[in-house]
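These notes are about the structure you will find just below.
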Amino acid sequence: MEAGNKGAHFGGGTSVGLNIELPFEQHFNPYIDRDKNLNFDYFFVGKVMFVKYSQGFIVLPGGFGTLDELSEALTLIQTNKIGRFPIVLVGTEFWAGLLDWFTHTLLKNGLIAEKDLSLFRIVDTAEEAAAHIKAFY
């Protein structure tokens with residue numbers, strides 16, 4: 001998240017931060033606008049707020065938290081609980097294993113539909129990510 005906040009900060013944009021209080025890590029980064037730094041005690045509350053106001057996700061390589069937020073957004077869009085917005089995964093090589101699992105396990109076993117694979121796009125550059133977001137809107 002820090003990279004997005006840093007870009008917004010130096011680009012003169014609004015920089016919002018949603019932070020989960022954890023005892024062993026995770027503190028807000030210095031690029032968040034002071035009046036737009038929101039702290040949450042529980043992951044589910046932070047995710048609700050994160051998804052509710054999003055106009056697009058650009059997902060960079062990450063761990064369980066990243067997968068959690070990605071899965072939440074895909075599920076809510078897939079089930080029509082929220083309106084569709086663009087989801088862009090950056091890094092073809094990084095996401096290849098997940099895409100393989102989606103297609104060869106979930107799709108093959110009827111756990112997702114073919115159309116669900118169109119809920120996101122995988123790209124390798126910032127320019128491709130920005131172009132997809134712009135084209136969506």
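Computed from heavy atoms alone, side chains included, the values below leave out hydrogens, waters and symmetry copies. Note that the structure is a prediction, hence the values are computed from the model and not measured.
Rounded to the nearest 0.5 Å, atoms CD1 (I112) and OG1 (T105) are 9.5 Å apart. Taken from CG in L18 to CG in L38, the straight-line distance is 5.5 Å, to the nearest 0.5 Å. Of the inter-residue distances, the one linking I87 atom CD1 with L74 atom CG reads 4.0 Å to the nearest 0.5 angstrom. Note that CG of N37 is 6.0 Å distant from CG of N19, once rounded to the nearest 0.5 Å. Of the inter-residue distances, the one linking H9 atom NE2 with N29 atom CG reads 10.0 Å to the nearest 0.5 angstrom. Rounding to the nearest 0.5 angstrom, the gap separating the CG atom in L111 from the CG atom in L106 is 5.5 Å.
Residues I82 and I77 have side chains in contact (heavy-atom distance under 4.5 Å, counting atoms from C-beta outward). With contacts defined as side-chain heavy-atom distances shorter than 4.5 Å, the pair L89/V123 does not qualify. Side-chain atoms of R84 and S118, non-hydrogen and from C-beta on, do get closer than 4.5 Å to each other.
In this structure a side-chain-to-backbone donor-acceptor pair under 3.5 Å is present from W95 to V90. Judged purely by atom type and a 3.5 angstrom limit, H132 has no side-chain atom pairing as donor or acceptor with the backbone of E128. Of the possible polar contacts, one joining the N5 side chain to the V16 backbone as a donor-acceptor pair under 3.5 Å is found.
For the residue pair P86 and I133, the shortest heavy atom distance occurs at CG-CD1, 3.5 Å. Nearest heavy atoms, G46 versus I20: CA-CD1, 4.2 Å.
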Practice problem: Apply the test side-chain contact (heavy atoms from CB on, under 4.5 Å) to residues K36 and T14: give CA-CA distance (whole Å), side-chain angles for both, the deciding distance (0.1 Å), then the verdict. | Solution: CA-CA 9 Å; K36 294 180 181 60; T14 301; 3.3 Å; yes
Quiz item: side-chain contact (heavy atoms from CB on, under 4.5 Å) between L70 and L98: does it pass, once the steps are laid out?
Solution: CA-CA 12 Å; L70 172 62; L98 183 64; 4.1 Å; yes
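More than 12 non-hydrogen atoms from other residues, nucleotides or ligands lie less than 6.0 angstrom from OH of Y137. More than 12 heavy atoms of other residues, nucleotides or ligands lie within 6.0 Å of CZ in F40, so this atom counts as buried by the packing criterion.
Note on Y53: it clusters hydrophobically with F44, by side-chain heavy-atom contacts below 4.5 Å among ILVMFWY residues.
If you look at F50 and F57, their ring centroids are closer than 6.0 Å. Between F136 and F85, the ring center distance fails the sub-6.0 Å criterion.
S15 and D33 are not linked by any side-chain donor-acceptor pair at a separation below 3.5 angstrom, with hydrogens and angles left out of the test. Checked by atom type, the side-chain pair T75/Q78 shows no donor-acceptor distance below 3.5 Å.
Using a 30° and 60° split on the angle between ring planes, F120 and F102 fall in the perpendicular class, above 60°.
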